[in-house]
Amino acid sequence: MDLVMKLSTYFLPTLKETPSEATVVSHRLMLRAGMISQSTAGIYSWLPLGLRVLKKVEQIVREEQDRMGGQEVLMPLLQTAELWQESGRYDGYGKEMLRMQDRHERDLLFGPTAEEVITDIFRRYIKSYKALPKCFYQIHWKFRDEIRPRFGVMRGREFLMKDAYSFDVDKESAVNTYRAMMRTYLKTFQRLGLAVIPVRADTGVIGGDLSHEFHVLAQTGESQVYYDKKFDTFRENIDQVDVDEIMGLYAMADEMHKPEECPLEGEDLREARGIEVGHIFNFGTKYSEILNAKVVLADGSSIAPEMGSYGIGVSRLVGAIIEANHDEQGIIWPESVAPFQVALIGLGGTVEVSEVCERIYKDLEKVGVSVLYDNRSEGPGVKFSTADLIGLPWQIILGPKGLQEGLAEIKCRRTGDRESIPLESLVSYMQEKLC
RNA sequence: CGGGGCGUAGCGCAGCCUGGUAGCGCACCUGGUUUGGGUCCAGGGGGUCGGAGGUUCGAAUCCUCUCGCCCCGACCA
């Protein structure tokens with residue numbers, strides 16, 4: 001990705017007024033910040049600024065999947081009906097699944113998930129218990145023809161999802177994989193700057209017996225979650241807490257919460273709003289059995305491997321991050337996903353100011369800091385508003401007055417704190433702030 | 001899918017009730033002005049009034065049908 005862009009040429013169609021269709025804050029801000037453009041209900045184009053964020057999120061998710069031993073694959077968008085008929089889900093999935101025919105009148109569908117495809121791959125190549133465990137994942141577009149898409153990219157029909165599928169030789173090994181994925185998820189969400197609670201969940205259409213949903217805590221969340229207050233104290237280093245301990249704590253989504261069965265009382269029980277951004281399942285041999293995927297054991301007998309599947313809504317996360325990180329002025333990106341690290345704002349439109357600004361961004365570029373330079377001939381108010389709206393973590397402001405004294409101002413978007421820094425130490429100061 | 005709302009310039013809206021051939025703010029273009037919080041002045045371009053049919057001398061406005069978008073509910077990453 002380019003480290004430096006100038007606003008005079010960058011495609012950033014910001015809006016002063018909120019389009020009337022957007023009611024939730026992340027949707028409003030994504031439209032106003034020129035991140036997305038709606039094509040039709042639940043289907044969006046990602047514009048340059050939004051795409052940068054999406055890719056950042058995607059990359060963090062990918063790195064953590066790789067770290068836990070996942071192997072990335074890319075499966076087809078279109079799947080054949082036969083495979084789904086074989087698994088028995090073709091009729092069961094309902095209208096949410098978009099179905100179509102090719103020119104030969106062969107029945108196809110736009111994949112809403114990929115258990116069938118991955119199991120088909122597995123059964124064609126993997127024959128021995130020695131090859132296990134295996135975990136595959138992809139980050140790919142899904143289409144689910146939701147009854148009612150809403151909230152911008154938080155509930156689109158077309159959405160970017162990380163879906164992973166695991167195969168283990170037995171239950172015990174499968175539960176280990178499940179725990180490893182739990183740890184991976186906690187780490188992933190922590191890197192994304194989100195407070196997340198893993199709640200016990202219903203296994204729904206996917207089936208199975210062990211399942212957690214991951215909810216980003218945000219006041220505007222769609223679902224109510226109930227959880228042990230210990231989660232609040234884990235927040236900072238949740239990835240280092242023992243996974244069994246976390247799984248042992250009480251945490252339930254609304255529909256699973258039974259006050260009479262809840263072991264917590266009063267202060268110990270926290271209630272909050274959450275946005276579901278991830279869901280993990282262990283579902284045993286449901287698909288391996290029905291699709292006849294088998295491995296041979298040491299004793300020559302064969303078994304159907306234990307499977308799990310693990311989803312993260314990558315595009316939904318972009319919305320969820322905004323829900324959890326914004327103020328009246330606009331978005332406040334966590335540094336890990338910010339489309340650029342620094343907004344460089346040149347004021348006054350003098351040659352001197354622009355020359356120094358050019359030098360600043362070149363110096364920052366050299367040390368790997370990404371900068372969006374507002375070199376438009378707009379007044380200061382417009383530039384400040386734009387910078388606050390798009391929410392880059394740091395603003396470097398240089399005006400004629402500061403230049404005379406050899407000072408630039410650095411503003412932290414999140415706290416609003418401002419500091420005047422001598423121009424010559426600007427780069428090292430920024431490097432320090434960003435590490 | 002059930003209930004509700006809305007489609008008029010890129011965006012936000014007025015006009016519709018009570019028909020007479022479209023207007024305001026922002027954005028955009030030109031010239032000037034301004035430069036530490038969406039500056040000010042002047043001029044300008046842009047609209048098959050979502051679509052089709054009907055009533056009428058005449059329809060953004062009334063009637064019928066249709067398409068789309070949004071909100072509330074059941075489902076989901």
Side-chain angles (χ1 to χ4, degrees), chain A residues 13-24 27-28 31-32 34 37-43 57 61 93-97 111-114 139-164 185 189 196 201-206 211-216 222-223 253 255 274-281 309-320 329-330 345-350 353-354 374 376-389 395 397-403 407-409 411 416 418 420:
Chain A
T14 57
L15 302 171
K16 205 163 170 179
E17 284 169 300
T18 304
S20 60
E21 74 262 25
T23 54
V24 301
H27 189 194
R28 279 204 317 259
L31 290 168
R32 288 197 51 215
S37 174
Q38 177 164 345
S39 175
T40 185
I43 300 181
V57 174
V61 170
Y93 217 91
K95 288 192 166 175
E96 215 178 78
M97 187 156 80
T113 180
I139 299 174
H140 210 197
W141 292 92
K142 297 286 180 294
F143 188 91
R144 293 183 191 169
D145 201 356
E146 296 279 341
I147 298 166
R148 185 153 89 86
R150 58 184 123 169
F151 307 145
V153 299
M154 294 225 291
R155 172 85 73 93
R157 293 193 289 172
E158 191 176 276
F159 57 96
L160 189 61
M161 180 183 181
K162 184 285 298 180
D163 45 322
Y185 271 43
F189 295 124
V196 162
D202 205 356
T203 50
V205 249
I206 310 260
S211 177
H212 284 84
E213 289 172 358
F214 292 76
H215 286 261
V216 170
E222 250 196 293
S223 39
E255 62 280 6
I275 301 164
E276 188 188 345
V277 292
H279 201 160
I280 61 179
F281 302 88
S309 73
Y310 315 87
I312 290 181
V314 176
S315 47
R316 172 180 287 186
L317 268 169
V318 176
Q329 277 26 269
I345 300 171
L347 298 176
T350 65
V353 168
S354 23
D374 192 344
R376 297 174 299 173
S377 51
E378 293 285 353
V382 173
K383 294 187 178 185
F384 291 142
S385 304
T386 301
D388 287 346
L389 174 63
Q395 296 172 11
I397 301 156
L398 184 69
K401 257 182 272 169
L403 185 55
L407 297 172
E409 185 173 62
K411 175 184 161 187
R418 295 157 187 275
S420 286

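Please read these numbers as outputs of a predicted model, since none were measured by experiment. Below, read A as the first sequence line, B as the second, and so on, with proteins coming before strands; counting in each chain starts at 1.
Pairing each heavy atom of A:Ser211 with each of A:His279, the nearest pair is OG-NE2, 2.8 Å. Residue A:His215 comes nearest to A:Gly274 through the heavy atom pair ND1-C, 3.7 Å, listed as atom of the first residue, atom of the second, then distance.
Residue contacts for A:Arg418: at a heavy-atom cut-off of 4.0 Å it reaches a base atom on one of the strands shown. If you check every strand for non-hydrogen atoms under 4.0 Å, A:Ser377 touches nothing. Here A:Ser385 lies in heavy-atom contact (under 4.0 Å) with a base. Among the protein residues, A:Glu213 comes within range of no part of the nucleic acid, since none of its heavy atoms lies under 4.0 Å from any strand. If you check every strand for non-hydrogen atoms under 4.0 Å, A:Val277 touches sugar and phosphate atoms only.
For A:Met161, counting side-chain heavy atoms from C-beta on, the closest listed nucleotide (B:G37, B:A77, B:G38) is B:A77. Between B:G37, B:A77, B:C13, one nucleotide has an atom nearer to the side chain of A:Arg316 than all others, and that is B:A77. Comparing B:C26, B:A77, B:G36 by their closest approach to the side chain of A:Glu17 singles out B:C26. In the set B:C26, B:C70, B:G37, B:C70 carries the atom at the smallest distance from any side-chain atom of A:Glu21. Listed nucleotides: B:C26, B:C71, B:C69. Nearest to the side chain of A:Ala41: B:C69. Ranking B:C11, B:G37, B:A74 by closeness to the A:Ile147 side chain, first place goes to B:A74. Picking from B:C71, B:G37, B:C69 the nucleotide with the shortest atom distance to the side chain of A:Pro380 gives B:G37. Of the candidate nucleotides B:G37, B:C69, B:A77, B:A77 has the atom nearest to the side chain of A:Glu146. The listed nucleotides are B:C69, B:G38, B:G37; the one nearest the side chain of A:Val382 is B:G38.
Atom pair A:Leu15:CG and B:C28:P shows a separation of 12 Å (rounding to whole Å applied). Note: CD1 (A:Ile397) to P (B:G37) measures 11 Å, nearest angstrom. The nearest whole Å value for the distance from the CE atom in A:Met97 to the C1' atom in B:C75 is 16 Å. The interatomic distance linking A:Lys16 (NZ) with B:G12 (P) rounds to 15 Å, in whole Å.
Taking 3.5 Å as the limit, the base of B:G73 and the side chain of A:Arg150 contain no donor-acceptor pair of atoms between them.
Contacts of A:Phe151 classified as ring pair (Phe, Tyr, Trp, His ring centres under 6.0 Å), with partners at least two apart in sequence or in another chain: none.
For the pair A:Gln38 and B:C70, the criterion of a side-chain N or O lying under 4.0 Å from OP1 or OP2 is met. Between A:Arg148 and B:C71, a side-chain N or O to OP1/OP2 separation shorter than 4.0 Å is present. Considering only side-chain N and O atoms, A:Thr40 lies under 4.0 angstrom from the phosphate OP1 or OP2 of B:C69. In this structure, A:Ser20 reaches the B:G12 phosphate: one of its side-chain N or O atoms is under 4.0 Å from OP1 or OP2.
Across B:A22 and B:C49, the matching P atoms stand 11 Å from one another, rounded to whole Å.
Remark: B:U34 base-pairs with no nucleotide; criterion is Watson-Crick or G-U wobble with both hydrogen-bond distances under 3.5 Å.
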